[in-house]
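A, B, ... follow the sequence lines: proteins, then strands. Residue 1 opens every chain.
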There are 2 protein chains.
Amino acid sequence: MDQNKIPQATAKRLPLYYRFLNNLNQQGKKRVSSKELSEAVKVDSATIRRDFSYFGALGKKGYGYNVEYLLGFFRSTLDQHEVTEVALIGVGNLGTAFLHYNFMKNNNIRITTAFDADTEKVGTDIGGVPVYDIHHLEEKLDDIKVAILTVPAVEAQVITDKLVEKGISGILNFTPARISVPKHIRVHHIDLAVELQALVYFLKHYSLDKPE
Amino acid sequence: MDQNKIPQATAKRLPLYYRFLNNLNQQGKKRVSSKELSEAVKVDSATIRRDFSYFGALGKKGYGYNVEYLLGFFRSTLDQHEVTEVALIGVGNLGTAFLHYNFMKNNNIRITTAFDADTEKVGTDIGGVPVYDIHHLEEKLDDIKVAILTVPAVEAQVITDKLVEKGISGILNFTPARISVPKHIRVHHIDLAVELQALVYFLKHYSLDKPE
DNA sequence: ACTGAATTGTGAAAAATATCACGACTTATT
DNA sequence: AATAAGTCGTGATATTTTTCACAATTCAGT
């Protein structure tokens, strides 16, 4: 909407920076240099300075960055003032892992609703989140714009279609299926098997001390 | 070691291609075009052709690619002939999800050993994988080169150090901690909270129909 | 055989990302 | 006040990745 100039690669690193700044702040640190931050998050210090510079001059030459100031800045940049409600579809092991994760701690994100087909799970609370019957997806999804998809691959497209119909904006897809959506909806894929296989491939084919 | 010319971006897509070729093959499809594949995996068709071209001329102009041939080619490229044994450290919800995932179906990867600190879990089998006491990591890890790290963040570095000492080559790190390792060891980070937050950020700041 | 439609493989260009390297400024110390 | 050490912000450059666009080739139909 507004800051379209920020490179996607930078945007993907912002949450990471944010979390580490939070840690530093909690440790009572007042200032931090790009070099220190670099060691903590394993991103080149020049890249960090460049990333920050897209938002203006946030630091002081010869000094570094004021942790509290930077944190406040990122808080508003990352929209941490307003809670984002998220639905979780599919309460298997992976889904349950998400339900137990406290996103509120660092991020103003809350999973408010979960869905599953298993009647044993429907009606329970997991990690404080009520689990509804997936067949009632249409009624219970009101106003939620983001969904985490942790269902079996075969269900992925059917459920996606329902989410789309209910006006979802973004989907974090953990199924191996590459789901199809209208082009105004954003889908991020995280494919655990692909990640594992890619790691194995890199180990076998790339010589040591190569980055990422 | 050998094919160092292949771009990293390409290498990361190979497992994805491989899985979809497998699907096609099981469906009995004999040929496929880069355009079809593109729709299935959501990667631009020119990118797919470019990716394949790093391995030589695998297709036929005006025809496309022979599914079986391509599959065989990738099988050997991705070292699918030799089983890769993987250890899983931390049998929480996320870890359990991995233990139930059958990587052998498409990939010749097998989780052979799991570790946890919880005495209730130690000694059990989950998804056919024996769970050992994490304090016996040193004795039971023999010869395993790849580990999946799904422990609480505070434990991450300590356990990593032990893995390094035992000669691990690669770690798939699901903890929010950015672990430190000697530079010849490869670590891939998958940070679930960061992924979720990045998605939310993109939704708020990037206008629609933007890619990835 | 010929024609038209489909599709690859790739040179070239564009776009995105990362890194280098240094002037300018800040702080601390003497 | 002067000096030294530390650090940012950024122009310039390098590297990586994606995309365009088209000649060359193949296939299917007549």
Item to check | Within residues 152-171 of chain A or reaching into it, pairs that qualify as ring pair (Phe, Tyr, Trp, His ring centres under 6.0 Å) - sequence neighbours excluded | outcome: none
Next on the checklist: List the residues meeting side chain to side chain contact (heavy atoms under 4.5 Å, CB included) with B:E68, not counting sequence neighbours, and say none if there are none.
Outcome noted: B:N25, B:K30, B:N66
Item to check | Euclidean distance, atom CG of residue A:D51 to atom P of C:dT19 [Å, nearest integer] | outcome: 11 Å
Checklist outcome for this item: Taken in chain and number order and not counting sequence neighbours, the residues that satisfy side chain to side chain contact (heavy atoms under 4.5 Å, CB included) with A:E138 are A:K162, A:K166
Checklist entry - Please give, in whole Å, the distance from D:dT19 C1' to B:I48 CD1? => result 13 Å
Checklist entry - What is the distance, rounded to the nearest whole Å, between atom CZ of B:F55 and atom P of C:dT8? => result 17 Å
Next on the checklist: Output the rounded distance in Å from OH (B:Y206) to P (C:dA16).
Outcome noted: 11 Å
Checklist entry - How close or far is atom C1' of C:dA16 from atom CZ of A:R13, stated in whole angstroms? => result 11 Å
Checklist entry - For the side chain of A:D44, counting heavy atoms from C-beta on, which of C:dC20, C:dT17, D:dT18 is nearest? => result C:dC20
Checklist entry - Just to confirm, is there a sub-4.0 Å distance from OP1 or OP2 of D:dT19 to any side-chain nitrogen or oxygen of B:T47? => result yes
Checklist entry - Residues in side chain to side chain contact (heavy atoms under 4.5 Å, CB included) with B:A46, at least two apart? => result B:D44, B:R49
Checklist entry - NZ of A:K5 versus P of C:dT17: gap in Å, rounded? => result 16 Å
Checklist entry - How does protein reach along nucleotides 6-12 of chain D, written 5' to 3' as B (base within reach of a heavy atom under 4.0 Å), S (only sugar-phosphate), or - (no contact)? => result BBBBBBB
Item to check | A:Y54: side chain to side chain contact (heavy atoms under 4.5 Å, CB included) partners, not counting sequence neighbours | outcome: A:I6, A:P7, A:T10, A:R50, A:D51
Next on the checklist: Parallel, tilted or perpendicular: which one describes the rings of B:F103 and B:F98, with boundaries at 30° and 60°?
Outcome noted: parallel
